[in-house]
Amino acid sequence: MHPVENFAPRVLAWFDEHGRKSLPWQDDKSPYRVWISEIMLQQTQVTTVIPYYHKFMSSFPNVEALADAEQDEVLAHWSGLGYYARARNMHKAAKMLVDEFDSEFPQSVEGVCELPGIGRSTAAAILSISRDVQAAILDGNVKRVLARFHAVPVWPGEKKTENAMWELAEQYMPSERCGDYTQAMMDLGATLCTRSKPQCLLCPLESDCQGRLTQDPTQFPIRKPKKAAKPEKSIQLLVLMNQQSQLLLEKRPQTGIWGGLWSLPELASEESIVLHIEQRFATQVKTVTALLSFRHTFSHYHLDISPSRIQMQDTNLVMEGGKYQWFSLEQALQLGLPAPVRSILDSAK
DNA sequence: AAGGCGGGGTG
DNA sequence: CACCCAGCCTT
């Protein structure tokens, strides 16, 4: 990802021609008004925000008015916008600004970041737009523009990738017209370099855009890796007790799940215990007691386990080779057991 | 590094 | 329906 010359001038020239310049928070770009707009616009689209912004500014025209308001009143103005921590943090920050900062915004990104609800990107937006400070934002729009421009091949949610994109964002931020540049990048992302159907032919960066060279620019930014919903399996595990209070364990094959461990005889969830056992071991079942079912989760799937305790009539079982063996409970607990099996046996003590 | 927070828009 | 949006905070 090397930076490209002329990035900012091209973006700014496009902005002069096509950028948005009459949004409600753009005629008086005081830090307070920009701040409120930025908070409202976090994870929320412009058309949703506009009516809220008007009403809010009418009720709380400056930071003192906001600081003096009751929290209930502030939240009432936020009702329907969602992410209500934004409003609570904002109200708290207004009080901090009045009480501790003499009602003035700090001049640095680090300073503004001290205020609750304001992170690096929002701080940079406020300072660049309201005071032309040379600080870059990295919001969803900028991430999308940069990810496409450089065809960033990995998900930007990863820390390493995000750091690299911050680096790029700072490098492209010009030393002049910082506020216009911030607004321009957001406009580019919001109106041309949109999530779907980007209008590449109108884009000032089209000729150097790596994403444009690919089959489909919308494959950038790479989507968040889906954690494949873990599949669910269910089994029955059987605590087979003989007349000597011994229980039957089965040696698992070396490969596969629980390879080589001693486990309880397993039955598919839908199989009938009595039928299966009497057929398989040629013996009578005396009693069947359902034990508490529980879920065991592996890295790759959920296993719902329904254990049962079965009292056998006699012990003349027809064994298959040496893979079955009777153990006392004490002996069994000394063996290598799968965790859920150990758990079942522990609770049988 | 991952989850929670919310409501609305979009394909 | 899943996914995304002018993110930030907590764990």
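Note on naming: letters A, B, ... go to the chains in the order of the sequence lines (proteins, then strands), and numbering restarts at 1 for each one. Worth saying up front: this structure is predicted, and the values here are computed from it rather than measured.
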Can you tell me the distance, in whole Å, between the [atom1] atom of [X] and the [atom2] atom of [N]?
| X | N | atom1 | atom2 | value |
| --- | --- | --- | --- | --- |
| A:Y83 | C:dG7 | OH | P | 10 Å |
| A:Q43 | C:dA6 | CD | P | 8 Å |
| A:I126 | C:dC8 | CD1 | P | 9 Å |
| A:E114 | C:dC9 | CD | C1' | 15 Å |
| A:R86 | C:dT10 | CZ | C1' | 18 Å |
| A:D139 | C:dC4 | CG | C1' | 13 Å |
| A:I118 | C:dC9 | CD1 | C1' | 14 Å |
| A:Q45 | B:dG11 | CD | C1' | 13 Å |

Can you figure out which of C:dC9, C:dA6, C:dC3 approaches the side chain of A:R223 most closely? C:dC3
Is A:W25 touching bases, backbone alone, or none of the nucleic acid, heavy atoms closer than 4.0 Å? base
Checking all strands, does A:I129 fall into the base, sugar-phosphate, or nothing category for heavy-atom contacts under 4.0 angstrom? nothing
Tell me, yes or no, whether the heavy-atom count around A:R177 atom CZ, taken from other residues, nucleotides or ligands under 6.0 Å, exceeds 12. yes
On a plain distance test, is the side chain of A:T44 in donor-acceptor contact with the base of B:dG7 below 3.5 Å? no
Could you check whether the side chain of A:R20 and the base of C:dA6 have a donor-acceptor pair of N or O atoms closer than 3.5 Å, going by distance alone? yes
Distance-only donor-acceptor check, side chains A:S308 and A:Q236, under 3.5 Å: no
Position toward the 5' end of DNA chain C (nearest nucleotide), A:S37 or A:L115: A:S37
Taking A:E100 first and then A:K92, would you say they form a salt bridge - that is, a charged N and a carboxylate O separated by under 4.0 Å? no
With a cut-off of less than 4.0 Å, is there a side-chain N or O of [X] near OP1 or OP2 of [N]?
| X | N | answer |
| --- | --- | --- |
| A:Y84 | B:dG7 | yes |
| A:R144 | C:dC5 | yes |
| A:T122 | C:dC8 | yes |

Relative to the ring of A:H150, is the ring of A:Y172 parallel (under 30°), tilted (30 to 60°) or perpendicular (over 60°)? parallel
Testing A:F56, A:Y53, A:F105 for ring pair (Phe, Tyr, Trp, His ring centres under 6.0 Å) with A:W35, which one passes? A:F105
Expressed as a whole number of Å, how far does the P atom of B:dG3 sit from that of C:dA6? 23 Å
Sticking with atom P, work out how far B:dG9 lies from C:dC8, rounded to a whole angstrom. 24 Å
Under the side-chain contact (heavy atoms from CB on, under 4.5 Å) rule, what do A:I36 and A:M57 come out as? Steps first, then yes or no, please. CA-CA 9 Å; A:I36 303 303; A:M57 278 304 151; 3.5 Å; yes
Position toward the 5' end of DNA chain B (nearest nucleotide), A:Y52 or A:G157: A:G157
First of A:W155 and A:R195 reached from the 5' end of DNA chain B, by closest nucleotide: A:W155
Could you give me the CA-CA distance, side-chain angles and deciding distance for A:R148 and A:E206, then say whether salt bridge (charged side-chain N to carboxylate O under 4.0 Å, His left out) is met? CA-CA 10 Å; A:R148 283 181 185 164; A:E206 189 264 349; over 6 Å; no
Quick check: does any side chain N or O of A:W25 sit under 3.5 Å from a backbone N or O of A:K29, one acting as donor and the other as acceptor? no
Within residues 167-189 of chain A: residues closer than 4.0 Å to DNA chain C (heavy atoms): A:Q183, A:M186
